[in-house]
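Any value given below was found using the heavy atoms of this structure, including those in side chains, with hydrogens, waters and symmetry copies removed. Below, read A as the first sequence line, B as the second, and so on, with proteins coming before strands; counting in each chain starts at 1.
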2 protein chains.
Amino acid sequence: MGSREDKQYLSDLDILFNPRNIAFIGASNNIMKWGFIILDNLIDGGYTGEIYPVTLKEKKILGRKCYQSIKDIGVPIDMAMIVIPAERVADTLRDCIEAGVKSVVVVTSGFSEAGEDGREIEKRIAEIAHAARMPMVGPNTMGVYGSGPSMCAMMAPLTPKPGEIAFVAQSGNLGTQIMGLGRTRGIGFSKFASSGNEALLHCENYIEYFGKDPDSKVIIAYIEGLADGSEFMQVAREVTRRKPLIVFKGGRSEAGSRAAKSHTGVLAGSGKIYDAAFRQVGAIQAATPDEMLDIGLAMSELPLPAGNRIGIITWGGGWGVVAADACEKAGLKVPQLSEQTIKTIDGILPPYWSRNNPIDLVSTMDRPAHIKCLEALASDTNIDAIIALSIVGTVNFLFNVPSTGEKKIPEEYMPVFEYFKKQDELIEKKVKELIEKYKKPIVGVSVDPLYDFNPDRSGGMVIFTTPHRAVDVIARMVEYKQYLDSLEE
Amino acid sequence: MGSREDKQYLSDLDILFNPRNIAFIGASNNIMKWGFIILDNLIDGGYTGEIYPVTLKEKKILGRKCYQSIKDIGVPIDMAMIVIPAERVADTLRDCIEAGVKSVVVVTSGFSEAGEDGREIEKRIAEIAHAARMPMVGPNTMGVYGSGPSMCAMMAPLTPKPGEIAFVAQSGNLGTQIMGLGRTRGIGFSKFASSGNEALLHCENYIEYFGKDPDSKVIIAYIEGLADGSEFMQVAREVTRRKPLIVFKGGRSEAGSRAAKSHTGVLAGSGKIYDAAFRQVGAIQAATPDEMLDIGLAMSELPLPAGNRIGIITWGGGWGVVAADACEKAGLKVPQLSEQTIKTIDGILPPYWSRNNPIDLVSTMDRPAHIKCLEALASDTNIDAIIALSIVGTVNFLFNVPSTGEKKIPEEYMPVFEYFKKQDELIEKKVKELIEKYKKPIVGVSVDPLYDFNPDRSGGMVIFTTPHRAVDVIARMVEYKQYLDSLEE
C-alpha cells in the first residue's frame with residue numbers, strides 16, 4: 001500500500017500516544033457495554049486532556065456532555081476512539097476525516113477475524129484511513145496506553161505505572177494481562193498498543209515509533225504473525241542498534257497457529273523461520289510472555305554484562321547449586337574466583353568457606369560480611385555479572401511475614417527484625433553503588449516468594465523470586481551484548 | 001553398613017515424624033541462637049506432644065522447665081533434637097541411647113561439609129546411632145516437620161499447612177524455602193525432612209518410608225547426590241508403583257556439583273546418569289524446584305490423564321495460542337474437536353466461533369455459556385485432559401482488585417462484581433463435578449497474577465497463573481501415566 005515515503009505517517013505516532021484530546025465515539029451509559037467500560041477506565045486513569053463522548057442516545061455520560069456527531073465538537077481532535085458496530089465504522093471514519101481527526105483507535109470487532117465479509121469491510125476502512133494519512137489502531141483492538149497524558153484507553157481496568165518500557169501486543173487479552181502483571185509488580189510502561197487486526201498500523205510501525213521515542217528505553221512485543229517480514233526486519237535491525245527489542249512469538253505450533261488465525265485473522269508463521277529472523281536482527285526472544293517483563297525490567301535498569309562469566313553469591317547452599325546448574329544450561333560460565341578475590345574473602349568468612357564460585361556464605365548471620373563478599377565478587381576481573389541469592393529481601397521470609405499475613409512479630413524479636421530490615425536496605429543501597437562503580441549487572445533473588453509483587457516498586461534492586469528467572473534474564477542480556485559487539489566487528 | 005534386615009529400622013520412621021514427645025538438647029534463652037529459634041518455632045507451630053528443653057545453663061526457657069541432661073527427664077523419649085557444638089554430639093548420642101531415646105535429629109553443623117576432621121566425627125556418630133538402631137537425621141540438617149503432631153522442628157519460622165505431600169530435601173535452605181512457598185500458596189505437607197549430610201538416614205530411606213506412609217499421597221525430593229544409587233533405584237521403583245515421586249536434581253553442572261560438595265560434603269553425580277536412572281524407575285523430574293510443588297499439587301488432587309490429548313478452552317485468543325504452542329513443545333497433542341463437540345458448541349457460541357481446539361470463547365461475557373462449552377470439551381472422546389484459560393479466578397482481575405490493593409469497587413459496579421464472583425464460584429464447582437464425572441484432569445489458568453498466593457486454599461480447583469505452568473504439569477502427569485501403563489504391558 002504505497003511507497004516508503006507514503007508510509008512515513010505510520011510511524012509518527014505521537015499524536016496517537018500523546019493526544020491532547022480524545023473523542024469517544026459510541027459512548028454508553030450501560031455499565032455492561034464497552035462504550036461505558038473503556039470510557040470509565042479512561043476517566044478513572046486520570047487522562048489529562050479533554051474527553052468528548054459521542055453518541056446519539058445520551059445527553060450526559062459520567063458527568064460529561066455528549067455530542068451527537070464527531071463533527072459537532074467544534075475543536076480539532078487528536079485521537080478518536082471508535083466503539084460502534086462494524087457496519088457503521090467506515091462512515092464514521094469518513095466523518096472523522098472530515099472533522100480533521102488526526103488518529104483513530106477502532107475497538108470494534110467483527111472484521112477479518114469473523115470471516116470473508118469482515119475481511120472486505122476491514123480492507124475498506126484501511127483504505128479510507130490511509131487515503132487521509134490517518135494512523136488507525138485495530139480494528140479489534142483492546143486499546144492503547146500512553147504515560148504522557150495518563151491515557152488508559154483500554155478494555156481492561158488498568159492504570160499502568162508510568163515507566164520506560166514500550167509494548168505492542170498482537171493479542172489484546174495477553175497484552176493487557178501482561179500490563180496487569182506489570183502493574184502488580186510495579187513495572188512501568190511508557191506506551192502500550194493492542195494492535196488488533198492490524199488493518200493499517202502493523203506491529204513494526206509501533207516498534208519503529210517506539211525506537212525513536214525518547215521516553216521508551218526498552219521495547220517488548222508479543223508477535224503472532226507479520227504481514228511483511230522484510231519490513232519488520234528492516235525496522236528491527238535499526239531499532240536494536242539503539243535499544244533492546246524483546247519478543248515473544250505465539251503461534252509456533254500447528255495448533256497455536258490455527259488459534260492465532262481465528263482470533264485476529266492473521267497467519268502466524270513457522271517458529272523456526274521467526275527464530276532465525278529474530279536472531280539476525282538482534283531481537284531477543286523471551287521463553288514465556290511474562291519473561292518479557294523480567295527481561296524488560298533488567299534491561300531498563302541495569303548495565304549490560306561485558307561477557308558471559310557469572311559470579312554467584314548465596315546465603316544457602318542449595319540455591320547456589322541450582323543457580324550454577326541453570327547458568328551452565330543457559331550457556332553462561334561460572335568460572336573460578338580470582339586469587340585476589342579468594343584472598344579477600346579469606347579475611348571475611350570462616351576458614352572453612354568453599355573458596356568456590358558460587359560463594360556460599362556458610363549461613364553466617366554477619367550481614368556486613370555479606371556486603372564485603374559481594375564487593376569482592378563485583379571487583380573480580382573474572383566476573384561479568386552477579387547473581388546474589390537470598391541476601392536481599394530476607395527480612396519478610398525470616399520472619400514469615402508475607403507467607404501467612406496473620407503472623408505478628410513478637411515484641412522480643414523486634415530488635416532482630418529491625419536489624420535485618422535495615423541490613424536489607426543497606427544491601428540494596430550497596431548493590432546500586434557496586435553496579436555504578438564496576439558497570440556490571442547485579443541481579444538479586446529473594447527468598448520471599450511475594451517479593452516480586454510490589455506495586456510501589458521504585459527502582460531499587462532488580463530482584464526475582466527464583467534463581468532460574470535471574471539466570472534466564474542475564475543470559476538474554478549477554479545475548480544482546482554479543483549481538484551489539486558483533487555489529488562493531 | 002550391615003545387611004538389608006539390619007537397615008529395616010532406617011525406613012520405619014513413624015517415631016521420628018510422629019513423636020509423642022521431644023527432648024530439645026542445647027536449648028537457649030538467646031534469641032539469636034538456633035537453640036532458641038528452633039525451640040520457639042516448635043512451640044509456635046503448636047506441637048501437640050511434650051517438649052523437654054535440655055541445657056546446663058538455664059532453669060527455664062520459654063516458660064518450660066529445663067533439664068540438665070537427657071537422662072534426668074525420666075520418661076521415654078521418642079525424638080531428641082540436638083543443637084550443640086559438634087565435638088559434644090558423640091557423647092550426647094551415647095547419653096540418648098542410654099536414656100532410651102528412639103530417634104534423633106542432629107542440627108549441629110561442622111561435620112563432613114567442613115573438612116577431613118568433621119568427616120571423621122560424622123562417621124563416628126553414624127556408627128553410634130546405627131549400633132543402637134536409632135534413626136538419625138543429619139547432621140547439618142535444618143530440621144523436620146510432621147503434620148500428625150504439628151511438629152515444626154525447623155530453623156525456619158514455618159508453620160506448614162497439613163496436607164498430603166511428603167518432601168525430603170538434600171538442602172535445608174532450599175527445602176525450607178520451598179516449604180515456605182507451599183505455605184504462601186496454601187499447599188499442604190504431610191512430612192518434611194532436611195536430610196543434611198545423611199550420615200545415617202539417606203534420601204532413599206525417607207522416600208521408602210513416605211512410600212509406605214498412608215498420610216502421604218505424593219512424594220517430592222530435592223536430590224543432589226546419592227551415596228548408593230542402586231539402593232535408591234530399588235526403593236524408587238517400588239514406591240512409584242503406588243504413588244508419584246517427583247524429583248529435582250541439583251548439581252548437574254560442574255559448577256553446581258562443586259557447590260554441592262561444599263555445602264553437604266556429598267558428591268553430586270552427573271546429570272545425564274541421573275536422568276536415565278529417574279526415567280527407569282518412574283521418578284518424574286521437575287524443571288525447577290518450585291515446579292515440584294506445581295506437580296505435587298496437581299498429582300495429589302487430580303486424576304491422571306489417560307493419554308496426551310489436550311483440550312484448551314480460553315476466554316482470550318492470545319493465551320490459547322501460547323498454551324497450544326506450549327503443549328506441542330512439551331510433547332502433548334492438541335487434537336481437533338470431535339464432530340459431536342463442534343455440534344454442541346455451535347448451539348452455544350456465536351456462529352463465528354473458531355470450531356477449533358483451542359476453543360476461543362470469543363470474548364463472550366455469557367458465563368453460563370463458558371460452563372456449557374467446558375462440559376462439551378470434557379465429554380469429547382478425543383480429549384484426555386483440559387486446560388481452562390482465563391475463565392477461572394476472573395473477578396479479581398476484571399476489577400483490578402489485587403493489582404493495586406487500593407482500588408475500591410464503585411457502588412455502581414457492585415452488582416457486576418457480585419455476578420462475576422458468583423460465576424467464578426460456579427465454574428470451580430462445575431469443574432470439580434466434571435473431573436468426577438469424566439475422570440479427566442482439568443487445570444485452570446487464572447488471569448490474576450496473585451491467584452496462586454492463597455494461604456487459605458482449601459482444595460478448590462487446581463489453578464496456575466501462566467499457561468506454561470499448567471502445560472508442564474500436565475505433561476509430567478502424562479509421563480507418569482505412561483510409566484504406569486508400561487508396567488502393565
Side-chain angles (χ1 to χ4, degrees), chain A residues 31-32 114-115 157-158 171 173-174 177 180-181 183-184 222 224 250-256 258-260 262-264 288-290 316-322 324-325 327-329 334 352 354 356-358 360 365 397-400 402-405 412-413 416 447 449-450 453 455 466 468, chain B residues 31-32 114-115 157-158 171 173-174 177 180-181 183-184 222 224 250-256 258-260 262-264 288-290 316-322 324-325 327-329 334 352 354 356-358 360 365 397-400 402-405 412-413 416 447 449-450 453 455 466 468:
Chain A
I31 67 166
M32 290 297 280
L158 276 170
S171 157
N173 155 251
L174 188 144
Q177 285 172 24
L181 181 60
R183 185 71 196 83
T184 315
Y222 172 72
E224 289 184 351
R252 303 180 65 86
S253 65
E254 201 205 310
R258 268 198 328 256
S262 74
H263 88 88
T264 53
T288 61
D290 37 314
W319 289 119
V321 173
V322 170
D325 286 351
C327 281
E328 295 204 3
K329 194 175 174 198
V334 184
Y352 54 88
S354 63
N356 268 332
N357 180 19
D360 187 335
M365 286 279 192
F397 185 81
L398 282 174
F399 290 87
N400 202 22
S403 312
T404 63
E412 74 261 30
Y413 277 114
V416 194
V447 294
L450 289 171
F453 296 103
T466 71
H468 285 89
Chain B
I31 67 165
M32 290 297 279
L158 276 170
S171 158
N173 154 252
L174 188 145
Q177 284 171 24
L181 181 60
R183 186 71 196 84
T184 315
Y222 171 72
E224 289 183 352
R252 302 181 65 87
S253 65
E254 201 205 309
R258 270 198 327 255
S262 74
H263 88 88
T264 53
T288 62
D290 35 316
W319 289 118
V321 173
V322 170
D325 286 352
C327 280
E328 294 205 3
K329 194 175 174 198
V334 184
Y352 55 87
S354 63
N356 268 331
N357 180 18
D360 186 336
M365 286 279 192
F397 185 83
L398 280 176
F399 291 87
N400 202 22
S403 312
T404 64
E412 75 261 29
Y413 277 113
V416 194
V447 294
L450 289 170
F453 296 102
T466 70
H468 285 88

Heavy-atom nearest pair, A:Val334 first then B:Ala255, reads CB-CB, 3.6 Å
When every non-hydrogen atom of A:Leu181 is compared with those of B:Pro449, the smallest separation belongs to CD1-CB, 3.3 Å
Highest number of heavy-atom pairs under 4.5 Å with chain B among A:Ala324, A:Gly115, A:Ser253 belongs to A:Ser253
Rounded to the nearest 0.5 Å, the CZ atom of A:Arg258 sits from the CG atom of B:Asn356 at a distance of 5.0 Å
*Just wondering, do B:Val322 and A:Pro289 contact through their side chains at under 4.5 Å, heavy atoms?*
yes
Honestly, the part of B:Thr466 sitting under 4.5 Å from a heavy atom of chain A is side chain
Closest non-hydrogen contact found for A:Glu328 with B:Glu254 is OE1-N, 3.5 Å
